[in-house]
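Everything on this sheet refers to the single structure shown next.
The chain is numbered in sequence order, starting from 1. Remember, predicted model here, so these are calculated numbers, not experimental data.
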Amino acid sequence: MNHLSFYWLPDHHQMLIQGLESEFSQLVEHSLSTGKISLPPIPDVVLKIQRLCTLESTEISDVADCLLEDPGLTAIVVRVANSVVFNRRNITCTDLVTAVSRLGILRVRDIVTAQAIEQLKHSVNLSKECNKILVNSAAISRELGATMVMVTHAFKQLEPNRYQHLEQEKALLVGLLADIGLFCLVHEYHLYLEKGNYLDQNIALQIFQSRCSKTSQLVLRSWGFDSDFLEVAGNESLVASSHEVSYLDVARIAHHLLLFRRQDEEIEEHDVEINATGAEVLYNLSNLSELEFKSKLNDVINASGF
């Protein structure tokens, strides 16, 4: 199966082969193999929070104090903490410390990182073609994350005790960050063209498709994200799960649903291994009308606080 975030792209195997032989592809491969691919230029506050999350001594107040350096991110964290997706108890909080305490340190890291990448995809100053790729990626990431929330909710509705390990808020964030490596690849492509080189955009897209998983895993691992994020980004199981259904399973079901909704030809070759509950979830969501599905999708996006 192709990388989750690229299901709108057709397969052109000959173009892919040509791309793999190109100088640009070799540069990407070298960057990945050495771990030196350029990371997205996210705000210093986000990087500080990521570092704080690696320290056992970090407390709620440390993260809250760090957030105060960026009023925009502070407002977003408070808004997200009060959103329908993240505010399970439906109790409004107005101060930052309470918001961070409610969400948890790691979840705050996930939120500010996802928000930074979302803004970057819409505001980065690259070429028109590169900007268009990133804007499309932002839309697809939101759609995948929201669909993962719907799938998670459906599992929990059918058997809440059995699937209590699945969290709707984490499902959203995992989906939003699944193709984070795309920015790195697009940025490398932009720099490559800026140096006077040429590579057909369609071939570049195929390179992005084939390398996005590995790049996304590299970025998320360098920032300390857990195996759930890494597995969905790479579309592969990395650790033996103690649960019958993982976030990777949720992502694959969500991906299948989106293929079905788009009537994408790729669905013919897309198999999903699911249990009986998963089959019921897939059946129920597949049988929603197009209007119902889009309405639920928009409700999740609007209720997320992003």
For this session: Carefully, step by step, assess Y189 and F208 under the rule ring-ring contact (aromatic ring centres under 6.0 Å, His included).
Result: CA-CA 9 Å; Y189 177 58; F208 299 162; 5.7 Å; yes
For this session: Go through L52 and I105 one step at a time and tell me if the side-chain contact (heavy atoms from CB on, under 4.5 Å) criterion holds.
Result: CA-CA 9 Å; L52 284 172; I105 292 173; 5.9 Å; no
For this session: Applying side-chain contact (heavy atoms from CB on, under 4.5 Å), run through R109 and T113 and close with a yes or a no.
Result: CA-CA 6 Å; R109 176 205 61 186; T113 302; 4.2 Å; yes
Problem set entry | Stepwise side-chain contact (heavy atoms from CB on, under 4.5 Å) check, V149 with T152 | CA-CA 5 Å; V149 171; T152 300; 5.7 Å; no
Problem set entry | Check against side-chain hydrogen bond (donor to acceptor under 3.5 Å, both in side chains), Q217 and E231 | CA-CA 8 Å; Q217 284 184 326; E231 287 184 345; over 6 Å; no
Problem set entry | side-chain contact (heavy atoms from CB on, under 4.5 Å) between L285 and V281, worked out | CA-CA 6 Å; L285 292 178; V281 167; 4.0 Å; yes
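Distance check: L282 CG to T277 OG1 gives 12.5 Å after rounding to the nearest 0.5 Å. Between atom CZ of residue R162 and atom CZ of residue F155 there is a gap of 9.0 Å, rounded to the nearest 0.5 Å. Of the inter-residue distances, the one linking M148 atom CE with L248 atom CG reads 8.5 Å to the nearest 0.5 angstrom. In this structure, the separation between CG on L134 and CG on L120 is 7.5 Å, given to the nearest 0.5 Å. The distance from the CZ atom of R221 to the CG atom of L230 is 5.0 Å, given to the nearest 0.5 Å. Note that CG of D179 and CD1 of I140 are 9.0 Å apart. Values are rounded to the nearest 0.5 Å.
Under the 6.0 Å cut-off for aromatic ring centres, F229 and Y247 do not qualify, their centroids lying 6.0 Å or more apart.
A donor-acceptor distance shorter than 3.5 angstrom exists from the side chain of R261 to the backbone of S286, with no hydrogens or angles considered. A donor-acceptor contact shorter than 3.5 Å is absent between the side chain of S216 and the backbone of A233. Judged by distance alone, with hydrogens and angles left aside, the side-chain atoms of S101 form no donor-acceptor pair with the main-chain N or O of V97 at under 3.5 Å. For the pair D62 (side chain) and E59 (backbone), a donor-acceptor distance under 3.5 Å is present.
Across all their heavy atoms, C93 and V78 have their closest contact at O-CG1, 4.0 Å. Nearest heavy atom pair, residue V108 against residue L67, reads CG1-CD1, 4.0 Å. Closest approach of A114 and L177 over heavy atoms only: CA-CD2, 3.7 Å. Considering all non-hydrogen atoms of both residues, S213 and G234 come closest at CB-CA, 3.8 Å. The minimum heavy-atom distance between V245 and L166, with the atom names listed, is O-CD2, 3.9 Å. A pairwise comparison of heavy atoms in H255 and L144 identifies N-CD1, 4.4 Å as the closest pair.
Looking at I76 and Q119, their side chains come closer than 4.5 Å, going by heavy atoms from C-beta outward. Residues V124 and F183 have side chains in contact (heavy-atom distance under 4.5 Å, counting atoms from C-beta outward). Q50 places none of its side-chain heavy atoms less than 4.5 Å from the side chain of T54. Two residues are said to be in side-chain contact when any heavy atoms from C-beta on lie closer than 4.5 Å; E129 and K132 fail this criterion. Side-chain atoms of T58 and V63, non-hydrogen and from C-beta on, do get closer than 4.5 Å to each other. Considering only heavy atoms from C-beta on, L182 stays 4.5 Å or farther from T215 through its side chain. For the pair W223/I180, a side-chain contact is recorded, criterion being any heavy-atom separation below 4.5 Å from C-beta on. Counting heavy atoms from C-beta on, the side chains of D110 and E169 never come closer than 4.5 Å.
Applying the side-chain contact (heavy atoms from CB on, under 4.5 Å) criterion to E118, with sequence neighbours excluded, gives H122, A138, R142.
No path of Ile, Leu, Val, Met, Phe, Trp and Tyr side chains, each step under 4.5 Å between heavy atoms, connects V135 with I42, placing them in separate hydrophobic clusters. Clustering ILVMFWY residues whenever any of their side-chain heavy atoms sit less than 4.5 angstrom apart, transitively, puts L218 in a cluster other than the one holding L191. Linking Ile, Leu, Val, Met, Phe, Trp and Tyr whenever their side-chain heavy atoms come within less than 4.5 Å leaves L106 and F86 in two separate clusters. One hydrophobic cluster, built from ILVMFWY side chains closer than 4.5 Å, cannot hold both L176 and V84; they sit in different ones.
Checked for salt-bridge contact, D226 and K170 meet the test: a charged N lies under 4.0 Å from a carboxylate O. Of the charged side-chain nitrogens involved, none lies within less than 4.0 Å of a carboxylate oxygen, so that E188 and R211 do not count as a salt-bridged pair. Ion pairing of K156 with E167 is absent here, as no side-chain N (NZ or NE/NH1/NH2) approaches a carboxylate O to less than 4.0 Å.
Within a 6.0 Å radius of CG in D95, other residues, nucleotides and ligands contribute more than 12 heavy atoms. The environment of N287 atom CG is dense: over 12 non-hydrogen atoms of other residues, nucleotides or ligands sit within 6.0 angstrom.
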Sequence neighbours left out, cut at 3.5 Å: what donor-acceptor pairs do the side chains of residues 291-302 make with other protein atoms?
{"from": "E292", "atom 1": "OE1", "to": "S289", "atom 2": "N", "distance (Å)": "3.0"}
{"from": "E292", "atom 1": "OE1", "to": "S289", "atom 2": "OG", "distance (Å)": "3.2"}
{"from": "N298", "atom 1": "ND2", "to": "K294", "atom 2": "O", "distance (Å)": "3.2"}
{"from": "N302", "atom 1": "ND2", "to": "N298", "atom 2": "O", "distance (Å)": "3.1"}

